[in-house]
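Please read the structure below before turning to the comments.
The chain is numbered in sequence order, starting from 1.
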Amino acid sequence: MESSLPDLEAILLVGGQGTRLRPLTLGTPKPLLPTAGVPFLAHQLARARSFGVRRIVFATSYKAAMFEPAFGDGTAFGLSLEYMTEETPLGTGGAIRNAGEALTAGPDDPVLILNGDILSGHDIGEQVRLHRARQAAVTLHLTEVDDPSRFGCVPTDEAGRVTAFLEKTPNPVTNRINAGCYVFTRSVIDSIPRDEVVSVERETFPGLIESGELVLGYADRTYWLDVGTPAAFVRGSRDLVLGRLASPALPGATGEYLALDGALVSPEAKVRGGTAVGARAVVEAGASVVGSVLSDDCVVEAGASVTDSVVGRGARICAGTVVHDAVIGDGAVVGPGNELQNGVRIWPGVELPERAVRYSSDV
């Protein structure tokens, strides 16, 4: 598999602010959030490398200074990494054009474009081979979803040529949507206007189609997830721990839970459902944690219940508290007897007194 894509270069788009994931992204950019025990991007980097990618240019903007300390020059991943920062956000096309300045690929070479918030199990090698065989300008990964009305959809003709980019609509013409992984021919990247705000979805792709260039769709139904919301972020971490999507970056065996170094999980606690337990995190006797992300140094006390939730770094969930489908910010303390559910978000450092928030009347 690797030999078929020698020295492929990639651009990784990681400039977004991750507003839908606040408060998790107030201090950490979304692509660096711990996911199944490692920064989210570690899974993408390891997967890209497994398909023969050797050099990746990061297109950074929000909290740009945090990426290089996390990944360095890429040696630990068997990659060579470069960092390009936009002083002002330039949109997807502008970001690709800006990062393109650091590419070494020739004008006819394929360049892989990855989005920093997508988990995908599709065959990148096949996508690149299709692009090369058909000498396309751009080849997009399309994923088939059950409800395409929440996304823009991308119809193709019988030969796989993309015929249009349609905005979200209640009656989509196809269940294929843009899955956010592209192969560009290098010269097409160079044709995007420099230092301008450009959207590939709204300007570059439709423009190429209009001028008769070949824009191809590579469609499949493998694992695909946009981790932009707390619920999706938790699901992504859970699926990696459970092995529903294989990742070479997983720091342990797949199973009901993954515990990092120094984590203390009581034998009398129930921890399951693909939970990730951060370094030095504590889960006390009688606690129940299902399908959740427990960040480093957090504590889940005796008898507390945490389900489908994210508990931030150093946060404490006190005895008898129920946390379901919630986000608890770094350093927050949720006092005993609280009930937090239905997507509630507790900001970092907040301390909730005993029984401050309830959904039921029993006390």
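No more than 12 heavy atoms of other residues, nucleotides or ligands sit less than 6.0 Å from atom CZ of Arg202. Heavy-atom neighbours of Arg186 CZ from other residues, nucleotides or ligands within 6.0 Å: above the threshold of 12.
Under the 3.5 Å distance criterion, the side-chain polar atoms of Tyr182 are left unmatched by any main-chain donor or acceptor of Thr139. Panel note: side chain Ser237, backbone Thr35; no donor-acceptor pair is recorded below 3.5 Å. A distance-only check finds a donor-acceptor pair linking the side chain of Ser309 to the backbone of Asp325 [under 3.5 Å]. In this structure, the side chain of Glu82 does not engage the main chain of Val57 through any donor-acceptor pair within 3.5 Å. For the pair Asn115 (side chain) and Leu13 (backbone), a donor-acceptor distance under 3.5 Å is absent. Not one N or O on the side chain of Thr185 forms a donor-acceptor pair closer than 3.5 Å with the backbone of Val188. Asp330 places no side-chain N or O within donor-acceptor distance of the main-chain N or O of Gly312, the cut-off being under 3.5 Å. At least one donor-acceptor pair closer than 3.5 Å links the side chain of Arg358 to the backbone N or O of Gly337.
Note: Tyr218 and His122 have tilted aromatic rings, judged against thresholds of 30 and 60 degrees for the angle between ring planes. Ring orientation note: the planes of Phe58 and Tyr83 are tilted relative to one another, at an angle of 30° to 60°.
With 3.5 Å as the limit, one finds no donor-acceptor pair spanning the side chains of Glu213 and Ser211. A donor and an acceptor atom, one from each side chain of Thr60 and Thr85, are located under 3.5 Å apart. Side-chain polar atoms of Ser305 and His324 form no donor-acceptor pair below 3.5 angstrom. Glu9 and Thr104 form a side-chain donor-acceptor contact under 3.5 Å, judged by distance and modelled atom types alone. When only modelled atom types and interatomic distance are considered, Thr275 and Glu256 share no side-chain donor-acceptor pair under 3.5 Å.
Minimum heavy-atom separation, Ser149 to Lys168: O-CB, 3.9 Å.
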#### Entry: Worked check of side chain to side chain contact (heavy atoms under 4.5 Å, CB included) between Phe51 and Val128
CA-CA 10 Å; Phe51 285 105; Val128 175; over 6 Å; no
### Message
Pair Asp297, Arg313 - check salt bridge (charged side-chain N to carboxylate O under 4.0 Å, His left out), show working.
### Response
CA-CA 6 Å; Asp297 301 297; Arg313 280 192 306 272; over 6 Å; no
### Task
Walk me through it: do Asp239 and Val241 pass the test side chain to side chain contact (heavy atoms under 4.5 Å, CB included)?
CA-CA 6 Å; Asp239 287 348; Val241 173; over 6 Å; no
### Task
Show the numbers, then the answer: is there a side chain to side chain contact (heavy atoms under 4.5 Å, CB included) between Asn175 and Arg221?
CA-CA 11 Å; Asn175 66 342; Arg221 282 209 78 132; 4.0 Å; yes
### Task
Could you go through the salt bridge (charged side-chain N to carboxylate O under 4.0 Å, His left out) check for Arg97 and Asp195 one step at a time?
CA-CA 8 Å; Arg97 177 69 177 88; Asp195 297 328; over 6 Å; no
### Task
Determine, step by step, whether Leu225 and Arg235 satisfy the side chain to side chain contact (heavy atoms under 4.5 Å, CB included) criterion, reporting the C-alpha distance in whole Å, the side-chain angles of both residues, the deciding distance to 0.1 Å, and the verdict.
CA-CA 9 Å; Leu225 182 67; Arg235 185 184 322 141; 3.3 Å; yes
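Pro34 is not listed as a side-chain neighbour of Asp296, based on a closest heavy-atom distance of 4.5 Å or more.
Classification of Asp308 and Arg238 as a salt-bridged pair holds, one side-chain N sitting under 4.0 Å from a carboxylate O. Looking at Asp226 and Arg20, a side-chain N of the basic residue comes within less than 4.0 Å of a carboxylate O on the acidic one, giving a salt bridge.
Ring-centre distance between Phe71 and Phe77: below the 6.0 Å cut-off.
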